[in-house]
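These numbers were taken from a predicted model, which means no experiment stands behind them. Letters A, B, ... are given to chains in the order of the sequence lines, protein chains preceding strands, and every chain is numbered from 1.
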2 protein chains.
Amino acid sequence: MAATAPRRRGPRRATTEGEILDAALALLDQGGATAVSVRGIAARVGVAPNAVYTYFPDKAAVVKALVERLLSEVNHDVFADRAQPWRLRVEALALELRQRLTAHPGVVQLMISGPVTGPQALALHEALLELLDDAGLNPADAPRASYLLFVYIVGSLALVVADVEEPGPLPPEAGWIARRRQALAKTPADHYPRAATAAATRAAYISTEQYLWGLHRLLDGIATSAQPSIEQRARDAIHQDGHSSPHNTPATSPLH
Amino acid sequence: MAATAPRRRGPRRATTEGEILDAALALLDQGGATAVSVRGIAARVGVAPNAVYTYFPDKAAVVKALVERLLSEVNHDVFADRAQPWRLRVEALALELRQRLTAHPGVVQLMISGPVTGPQALALHEALLELLDDAGLNPADAPRASYLLFVYIVGSLALVVADVEEPGPLPPEAGWIARRRQALAKTPADHYPRAATAAATRAAYISTEQYLWGLHRLLDGIATSAQPSIEQRARDAIHQDGHSSPHNTPATSPLH
DNA sequence: ACCTGAACACCGTTCAAGT
DNA sequence: ACCTGAACACCGTTCAAGT
C-alpha cells in the first residue's frame, strides 16, 4: 500500500497524510468522536476542506486509518513472552489494549462504526490466535475464543466511554466511581430492590477491577470447556487424542 | 413522568411525542443511526425542525427515549420462569435481546452513545439480578456477572452491526457468512498464518452460533467461580456457609 | 499531484414572533 | 402550549478550475 514515494527534497510541507491523521487525532482527543470532521481536519492543517480528498477517498477512510494508527501503538511485547502463563498473557493484552484505547476515548466509537479489518487489527488477531494456541486450545476453539475476548474488550471499552458525556480524557477512576455511586444511590428500592442494594457494586462497573473480574470469568470459561482437564492432560502426555495439544502452561488463574 | 395530560378532544393531532419516536424509528430502520436527525424527524412528522424542541430538550433526549422504547419491547416472560435452569433463562434473555435489537440494527450505536440508565434498562438489569440470584450467585458476584453479560451482549451486537456498511435490515445469516468467507479467504497466509487457516471460522464470527458459543463460555466461567461446586452444594444442603444459597437448578450446560 | 472557490444538500440549535 | 421563519454555525462531498 505505502509505495516508496519520491520524497520531495523541498524543506517544509510534511507527508501531509500523517498531518491529516495528527489533526484528526487532536480533534478526537479534545472533542470526541463527533468532533472528527473533514472540515475540522482541514482547518487544523491549514488547508481547504476538499484538499483532504487528495489523500483519502472519504471520511470513512480517514477514520479507518486513524484507528489503524492507534492500534499500531499497541505494544505486542507485553504479551509475547511464551514462558509466561497464557492467562497472564491474555490479561496483559487486555490491559494494554484498554490503556491504549482509553487514552483516546472517542476511538472506540470510531472502531465500531465499521468493520475492523486493517493490517494492525489483523496482526493483533494473529497474535491472539498464537497465544491461544500456546495455551493448548484446539484449532477450532482458538479463533472462537479470540473473538470472544475481542468482543469483551471492545464492549467493555464502549460502555465505559459511553458513561461519560463530556468529551476529553476520561476522569480519574476513584472520583468517577464516587460520582456514579452518588447517582446510583437514588435507585428507587421499591421498584428495583436488587439494583438498589447493589448500587455500590454498580458504581464500580466502569473500573479496571470489574474489567479484570469479567476477564477472569471469561478465561475460566475458556479454560473449562476448551482446555483438557488435569486428568485428561495427564493422559494426553501418553496418548494424544487429536482434540487438544497442551504445550507449556498450567491452567491456574493468576489473580483469582 | 407521563402525567395524565388533559387530552384534547379535537380529532386529528395524535400525541406527537409518540409521533416523533415513530419517525425517528423509521429513519433509524431505513438509514441507520446517522439518519436519525432532528430535521429528518420534523420533515416526516410534517412540521418545522424546531417544533421537535417542544417535546424534547435536544436530540440526545430523543435518542434516549427511542432506546427506551425499543428496550420496552423486550419480552421479559421468556426468561421469567424460575422452574427453568438458570443457564437456559440467561440464554433466552440473550437471544431475546439480540433479536429485538438486531431488528433495528442502528440502535446499538445509539445505545452506546451515552449512558444506558432509563427505567426500561434498569428493569432489565433488575430482572437479570433476580435471575442470577435464583442461580445461587452470592450478592457480591451477581451484579458483576450481570454487567459482564450485558457487556458481552452489547459488544457482540455492536461488532455484528459494524460488519455491514449499508444501512437497513441485516442480511440473512447464511449469505452473509458466505460473503465474509469469500473475503477472508484472501487473508495472506505468509503474514497471518493462523488467521488465514481460521478463515472459515472467522467468517462465522457474526453468527448466532458464535454468539451462543461465547455466551456458554461465559456461563461456564460464572458458574465455575461464582457458584458452589457440586460437592459444596451437597454440603450446603445441610450446613449453610453464608457464601452461597443454591435454590433450584443444577449447573448443567443446556446446549454444550 | 496538489490545492482552491464555489456550490449543493445537509446538520443541531436558538431566538423572536405568532396563535 | 404549540408551532413557525429566519438565522447561525456547522457538516460531507463534488465539480471545474488553477498551478
Side-chain angles (χ1 to χ4, degrees), chain A residues 1-21 23-24 27-28 30-66 106 109-110 113-114 165-167, chain B residues 1-21 23-24 27-28 30-66 106 109-110 113-114 165-167:
Chain A
M1 292 294 155
T4 46
R7 266 301 183 203
R8 68 178 71 209
R9 56 173 68 91
R12 286 304 83 162
R13 195 132 307 276
T15 349
T16 323
E17 209 208 63
E19 272 188 287
I20 288 172
L21 294 183
L27 291 170
L28 179 72
Q30 64 181 224
T34 59
V36 179
S37 70
V38 175
R39 293 183 109 102
I41 290 166
R44 246 183 179 273
V45 176
V47 89
N50 46 5
V52 173
Y53 293 88
T54 305
Y55 302 92
F56 296 93
D58 52 24
K59 183 187 170 180
V62 180
V63 165
K64 206 168 179 174
L66 180 56
Q109 302 222 48
L110 297 184
S113 69
E165 58 283 13
E166 334 86 44
Chain B
M1 289 292 154
T4 47
R7 266 302 184 201
R8 67 177 73 212
R9 58 174 67 93
R12 286 302 83 159
R13 196 131 309 277
T15 349
T16 322
E17 210 209 60
E19 272 188 289
I20 288 172
L21 294 183
L27 291 170
L28 180 72
Q30 63 180 223
T34 59
V36 179
S37 70
V38 174
R39 293 184 110 103
I41 290 167
R44 245 179 180 276
V45 176
V47 90
N50 46 4
V52 173
Y53 294 87
T54 305
Y55 302 93
F56 296 94
D58 51 22
K59 183 188 170 179
V62 180
V63 166
K64 204 167 180 176
L66 181 57
Q109 302 222 47
L110 297 184
S113 69
E165 58 282 14
E166 333 87 42

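Taking atom C1' on both nucleotides, dC10(D) is separated from dA9(C) by 13 Å, rounded to a whole Å. Rounded to a whole angstrom, the distance from the C1' atom of dC3(C) to that of dA16(D) is 13 Å. Spacing between dC2(C) and dA17(D) at atom C1', rounded to whole Å, works out to 13 Å.
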Does the side chain to side chain contact (heavy atoms under 4.5 Å, CB included) test come out yes or no for Leu21(A) and Phe56(A), once each step is laid out? CA-CA 11 Å; Leu21(A) 294 183; Phe56(A) 296 93; 4.1 Å; yes
Strictly under 4.0 angstrom, non-hydrogen atoms only: write out the protein contact profile of nucleotides 6-12 of chain D, one letter per nucleotide from the 5' end, B, S or -. BB---BB
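Phosphate contact (OP1/OP2 of dC3(C), side-chain N/O of Tyr55(A), threshold under 4.0 Å): present.
Rounded to whole Å, the distance from CD on Glu17(A) to C1' on dC2(C) is 14 Å. In this entry the distance linking CD1 of Ile41(A) with C1' of dT13(D) reads 14 Å, nearest Å.
Of all non-hydrogen atoms in Ser113(B) and Gln109(A), the two that sit nearest each other are CA-OE1, 4.3 Å. The two residues Gly106(A) and Ala33(A) make their nearest non-hydrogen contact at O-CB, 3.7 Å. In terms of heavy atoms, Tyr53(A) sits closest to Asp58(A) at CE2-CA, 3.9 Å. Contact record, Gly32(B) with Pro167(B): N-CB, 3.8 Å, taken as the closest heavy-atom pair.
Nucleic acid contact class of Ala51(A) (heavy atoms, under 4.0 Å, all strands): base.
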Could you write out DNA chain D as a dot-bracket string, with dots for unpaired bases, | for bases paired across to another strand, and Watson-Crick or G-U pairs counted at under 3.5 Å? ||.|||||...|||||.||
Side-chain polar contacts of residues 35-45 of chain A - donor-acceptor pairs under 3.5 angstrom, sequence neighbours left out - could you list them?
residue, atom, partner, partner atom, Å
Ser37(A), OG, Gly40(A), N, 2.9

